[in-house]
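Small disclaimer: the values here were computed from a predicted structure and weren't measured.
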Amino acid sequence: MKTSEIFETLLKNLKVGETATTVASRRDEITKALNKDFRDKDGCTDYKLMVGSFGRHTAIKGVSDLDMIFILPPGIRSSYEGDTGPRRILERVRDGLKARYKNTEIRVDQCVVRVRFTSNAFKFEVQPAFENADGSFDYPDTKAEGWKVTKPREEIAATKECNDRTSTNMRHLARMARAWKNANGVNMGGLLIDTLVYNFFDQTDDYDAAGTGSFDLMARDFFEFLKDQSEQEYFLALGSRQRVHVKAQFQPRAKKAYNRCLEAIADEGKTSANKKWREVFGTSVPLAKSASESSRSFRDTEEFIEDAFPVDVSETVSIDCEVTQAGWRPTWLRAMRRGGILLKADKGLRFVVTSCSVGEPYTLKWKVLNCGPEAERRDAIRGQIVDSSKRGVRVEHSDFKGEHVVECYVVKDGVVVARDRIDVPIGNTSVKRANVL
């Protein structure tokens, strides 16, 4: 496939699509319920503002966290001053929404009221706020026991200005960056992504008028820009210049993406290029069909988590593998790889979660994928989405030579919120013919 075809298809597959209609309907119902309480107006959908990625029009398919501001009547501001004001206003919003959605999970969470719709895995974060003369908003913070200022209109305006200046490439790149984040388990907030995309275009005009045929170079240069960012606790948000905090360091995975971009560009025109771009941006990148596919002797049994659940990475999970063999002390696979030690066949493999920022309850899913000529010869690609062997653990066994991969997915409230992968290169083939890795 041509480069332009790859990226045009990627962007088409990332579109929010019909989800936008459902989001708008939910948003308006929430607004009606709150206007009935706060303004005694039935059916009124005014006094709201979609913010976050959806409000800046940089969201992609699979988005689950939706942010909106409900603009409070200015006449009640004095009633919610003092230390208890923030909690009282949030509890009033919660109670108003509970009256409308009696069977929906609704709760106060520091600065917002979370409304979780199980039917379509949407989670609205409703932030009641008073609008100021300059267009900013004062919002409640129960932790600080006071009111803070947010400036989403300035962030929306900066996004639009940059998007217009770059022939819509700002939003294209922001969506591509979200696809990378979700495909590779990079825990980055939407505002941080949009800020870094904005900063990228601020330091170069090379892609202000670029078409999709140059998006391979734009992606390469963007990930080079990301990997070279200094490690810091926060960046200044586009437009508002307010602090946007870094949840986890993104530079190592940006470096990996940069290297994959180099490989994909070098393979332009080959089927391998699509596979490399898939490693960067996930399953929204189309696979190219090779002439040999019709005559292959193995079944392609790989499954993809995106086909089972929405993916919206907002947390972090890390996995490792305890390698065991009778008579030998257990070792960890990541430490072995750092030391240049090859994994051999006939080892016990115990894949475990070493850290996870997701609060319980959640479900773990796994994928064990065998790659290479030996896996194809044996018709043992595997790659299905499976459950843990026991709580938090996936047990396997090293068997034959090849570049194997194990992925772990954390599913909470019907959405994949964190993922990690570990490469499992096996250096030889077992004479025992075990039936797994």
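In this structure, F124 and F122 have perpendicular ring planes: the angle between them is above 60°, well past the 30° mark. Ring-plane geometry between F130 and W147 is classed as tilted, the angle between the planes lying from 30 to 60 degrees on a 0 to 90 degree scale. Ring pair W277/F7 is perpendicular by interplanar angle, where above 60° counts as perpendicular and below 30° as parallel. The aromatic rings of F70 and F38 sit tilted, their planes meeting at an angle between 30° and 60°.
Side-chain contact between V197 and H172 is absent, with no heavy atoms from C-beta onward closer than 4.5 Å.
Only one option out of V112, L34, I106 pairs with V93 in a side chain to side chain contact (heavy atoms under 4.5 Å, CB included); it is L34. Considering F281, Y258, F223 in turn, F223 is the only one that fulfils the ring-ring contact (aromatic ring centres under 6.0 Å, His included) rule with W180. Results of the side chain to side chain contact (heavy atoms under 4.5 Å, CB included) test with F200 over D221, L226, T166 single out D221 as the only residue that passes.
The pair E302-K275 does not count as a salt bridge, with every side-chain nitrogen at least 4.0 angstrom from each carboxylate oxygen. Of the charged side-chain nitrogens involved, at least one lies within less than 4.0 Å of a carboxylate oxygen, so that R77 and D138 count as a salt-bridged pair. Between R260 and E263 there is a salt bridge, since at least one side-chain N of the basic residue sits less than 4.0 Å from a carboxylate O of the acidic one. A salt bridge links K48 with D28: the distance from a Lys NZ or Arg NE/NH1/NH2 to an Asp or Glu carboxylate oxygen falls below 4.0 Å. For the pair D420 and R253, the salt-bridge criterion is met [side-chain N within less than 4.0 Å of a carboxylate O]. Using a cutoff of 4.0 Å between basic side-chain nitrogens and carboxylate oxygens, K365 and D387 are scored as salt-bridged. Under the 4.0 Å criterion applied to side-chain N and carboxylate O atoms, E161 and R165 are assigned as salt-bridge partners. The residues D109 and R94 are annotated as not salt-bridged, no charged nitrogen and carboxylate oxygen being separated by less than 4.0 angstrom. Salt-bridge formation is not detected for the pair R88/E91: no Lys NZ or Arg NE/NH1/NH2 atom is positioned less than 4.0 Å from an Asp or Glu carboxylate oxygen. Looking at R153 and E131, a side-chain N of the basic residue comes within less than 4.0 Å of a carboxylate O on the acidic one, giving a salt bridge. A salt bridge does not link R220 to D216: none of the charged nitrogens lies less than 4.0 Å from a carboxylate oxygen. Salt bridge status for E233 with R243: absent, with no side-chain N to carboxylate O gap under 4.0 Å.
No side-chain N or O of E315 forms a donor-acceptor pair with one of N187 less than 3.5 Å apart. Using modelled atom types and a 3.5 Å distance limit, the side chains of T354 and D320 yield no donor-acceptor pair. Remark: the S284 side chain and the N13 side chain contain no N/O donor-acceptor pair separated by less than 3.5 Å.
The main-chain N or O of R382 is found under 3.5 Å from a side-chain atom of T301 such that the two form a donor-acceptor pair. Side-chain N or O atoms of D413 include none that pairs as donor or acceptor with a backbone N or O of R116 at under 3.5 Å. Between the side chain of S357 and the backbone N or O of T316, at least one donor-acceptor pair lies under 3.5 Å.
Taking each heavy atom of N163 and N169 in turn, the nearest pair found is OD1-N, 4.0 Å. Scanning all heavy atoms of the two residues, the minimum distance from Q384 to E303 falls at CA-OE1, 3.5 Å. The two residues V352 and W366 have their closest heavy-atom pair at N-CH2, 4.3 Å. Across all non-hydrogen atoms, the minimal contact from V416 to Y409 is CG1-CB, 4.2 Å. What you find for L236 and T195 is that their closest heavy atoms are O-CG2, 3.3 Å. The two residues T3 and T212 make their nearest non-hydrogen contact at CG2-O, 3.9 Å.
For the pair R419 and F309, the cation-pi test (distance below 6.0 Å, angle within 45°) is failed.
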